[in-house]
Amino acid sequence: MRISGKDLSSRLKEEMAVKVAGLKEKYGREPHLAVILVGEDPGSVSYVTGKAKASEVVGIKNTTIRRSVDISEGELLDLIGTLNRDDSIDGILVQLPLPSHIDENKVIETISKEKDVDGFHPLNVAALWQKRPCTVACTPKGIIKLLREAGEDIAGKRAVVVGRSNIVGLPVAKLLLDANATVTIAHSKTVDLGSVTRQADILVVAVGRPHTITADMVKPGAVVIDVGVNRNPDTGKLCGDVDTEAVEAVARCITPVPGGVGPMTITCLMENTIEAFERKMQL
Ligand code: NDP
C-alpha cells in the first residue's frame, strides 16, 4: 500500500485554510511568509514556486524576494535583518542551497528564532534535543504525520533511520525517539546496511542515492518512508532512495516519490508559519 503525501497534504491544507480564515477575522490580517531566493537554480525556483502555490491555497500571504546570484553575504544578512524587524512578517525562509561565497550557517543564525519557520536555527535545534517548545523542521515533522496517517503506532517499535543530516536524519531520529520508538541511525560508514534495515518496523531512508534500499533489505510488514529525491540515471525521472515497486510487495506501507514526503514538507512549512503567527499574536 502507498501512503499518499499528496492526499494528506491536500486535506491538511484545506483544514489550514479554514483556520487561517478564522485567524484573519480575529487578528485583522493573515500570516505572512517571506521567502528569499538567491539566483536562478531551476530546483530552487521550483521549490519556491511550490511554496508560493501552497501559501495561496492556505490563504497565507507570500512575498518572494529574488536576489541575483552575486549578492554579497553582507547584503543578504542585512536583508534578513530588515525582515526580522518587520512586524508584518511572521516567517522567513531562505531557499537553500546558497552560492558558495555565502556562509549558510551565518544566514540560518541571522534569521530570528521566532521567524525561523524552517526550524533550522541552532536555538530551535537545541530546543528540539532538550524537549522544549520549538519549531520542528518541516521534513521530519511531515514524516511523523505520514506515519500517523499510515496508522502506525510508533511507541515500542524498532525504527531505523538511514542518513544523519541536520535537516532530515537526525531530527527524524529524535522525533521517533520522543514518540518512544527504539531508534538506530545508519550512515555511510554502516557495515552491512541490510542487516540493520531488516530489523526495522519503521524504516526512514534519507540518503540521496537511487537503489539504496532493495526489497531484500526490508522486514516484511515494515512501514517505509522514502525521503530521497533523485533522478533515475536510466529514465531521467524523479525517484527516491528505495526500489518502490519491489519494496511495496514486502512492506505494509511505503511513501512514493514523487508524491510522498515532498508535499508534506511544504505543508508543514505552512503549519509552521501559522504557528509562528499565532505565537506572535498571543504575546
Ligand atoms: P545529506 O547528503 O546531507 O545526507 C545524506 C546521508 O546519507 C548522510 O548522513 C550519509 O552518511 C548517508 N549516506 C550516504 N551514503 C550512504 C550509504 N551508502 N549507506 C548509508 N548511508 C549513506 O542529504 P540530506 O539529508 O539533506 O537529504 C537526503 C535526501 O533527501 C536527498 O535526496 C534530498 O534531496 C532528500 N530531501 C528530500 C526532502 C523532501 O522534502 N522530500 C527534504 C530534504 C531532503 P554520512 O553522514 O556518513 O556521510
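Start at 1 and go down the list; that is how both ligands and their atoms are numbered.
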* Give yes if a backbone or side-chain nitrogen or oxygen of Thr265 is under 3.5 Å from a nitrogen or oxygen of ligand 1, and no if not. => yes

* Polar atom proximity, Val229 to ligand 1 (N or O, under 3.5 Å) -> yes

* Asked: Measuring from Asp118:CG to Cys268:SG, what's the distance to the nearest 0.5 Å?
  -> 11.5 Å

* Nearest protein heavy atom to atom 19 (N) of ligand 1, by residue and atom, and its distance? -> His187 O, 3.8 Å

* **Nearest-neighbour protein heavy atom for atom 31 (C) of ligand 1, which is reported as residue plus atom name and distance** => Gly208 CA, 3.7 Å

* From His121 atom NE2 to Ile92 atom CD1, the distance as rounded to the nearest 0.5 Å -> 10.5 Å

* Run down the list Asp226, Asp241, Val227, Val161 and name the one with the heavy atom closest to atom 38 (C) of ligand 1. => Val227

* Asked: When rounded to the nearest 0.5 angstrom, what is the spacing between OH in Tyr47 and NZ in Lys51?
  -> 8.5 Å

* Hey, which atoms in ligand 1 end up nearer than 4.0 Å to a heavy atom of Gly163? -> 6 (C), 7 (O), 9 (O)

* **Per-atom contacts of ligand 1 with Val162, taking only distances under 4.0 Å to non-hydrogen atoms** => 20 (C), 21 (N)

* Asked: Nearest to atom 41 (N) of ligand 1 by heavy atom, Cys239, Cys268, Gly262: which?
  -> Gly262

* Quick one: look up the protein heavy atom nearest atom 44 (C) of ligand 1 and list residue, atom name and how far away it is. => Val168 CG2, 3.8 Å

* Asked: Which residue supplies the protein heavy atom nearest to atom 18 (N) of ligand 1, what is that atom called, and how far is it?
  -> Arg209 NH1, 3.5 Å

* Asked: So how far is it from Asp153 CG to Asp201 CG, rounded to the nearest 0.5 Å?
  -> 11.0 Å

* Specify the protein heavy atom at minimum distance from atom 48 (O) of ligand 1: its residue, its atom name, and the distance to 0.1 Å. => Ser188 OG, 3.6 Å

* **Minimum non-hydrogen distance to atom 26 (O) of ligand 1, winning option of Val261, Leu170, Ile167** => Ile167

* Look at atom 4 (O) of ligand 1 and say which protein heavy atom is nearest, naming residue and atom and giving the distance to 0.1 Å. => Ser165 CB, 3.9 Å

* Between Val207, Thr212, Ile225, Ile266, which one has a non-hydrogen atom sitting closest to atom 2 (O) of ligand 1? -> Val207

* Please report the C-alpha distance between Asp243 and His211 in whole Å, then the side-chain angles of each, then the deciding distance to 0.1 Å, and finally whether the side-chain hydrogen bond (donor to acceptor under 3.5 Å, both in side chains) criterion is met. => CA-CA 6 Å; Asp243 286 353; His211 309 302; 2.6 Å; yes

Distance-only donor-acceptor pairs under 3.5 Å for side chains of residues 125-137, two or more places apart:
from, atom 1, to, atom 2, distance (Å)
Gln130, OE1, Arg132, NH1, 3.0
Thr135, OG1, Arg279, NH2, 3.4

* For atom 46 (O) of ligand 1, grab the closest protein heavy atom and report residue, atom and distance to one decimal in Å. => Arg164 NE, 2.7 Å

* Atoms of ligand 1 close to Ala206 [distance to a heavy atom under 4.0 angstrom, numbered from 1] -> 5 (C), 6 (C), 7 (O), 28 (C)

* Asked: If you round to the nearest 0.5 Å, how far is OG1 of Thr244 from CZ of Arg2?
  -> 6.0 Å

* **Under-4.0 Å salt bridge between Glu275 and Lys280** => no

* Asked: How many angstroms lie between atom OG1 of Thr265 and atom CD1 of Ile143, to the nearest 0.5 angstrom?
  -> 7.0 Å

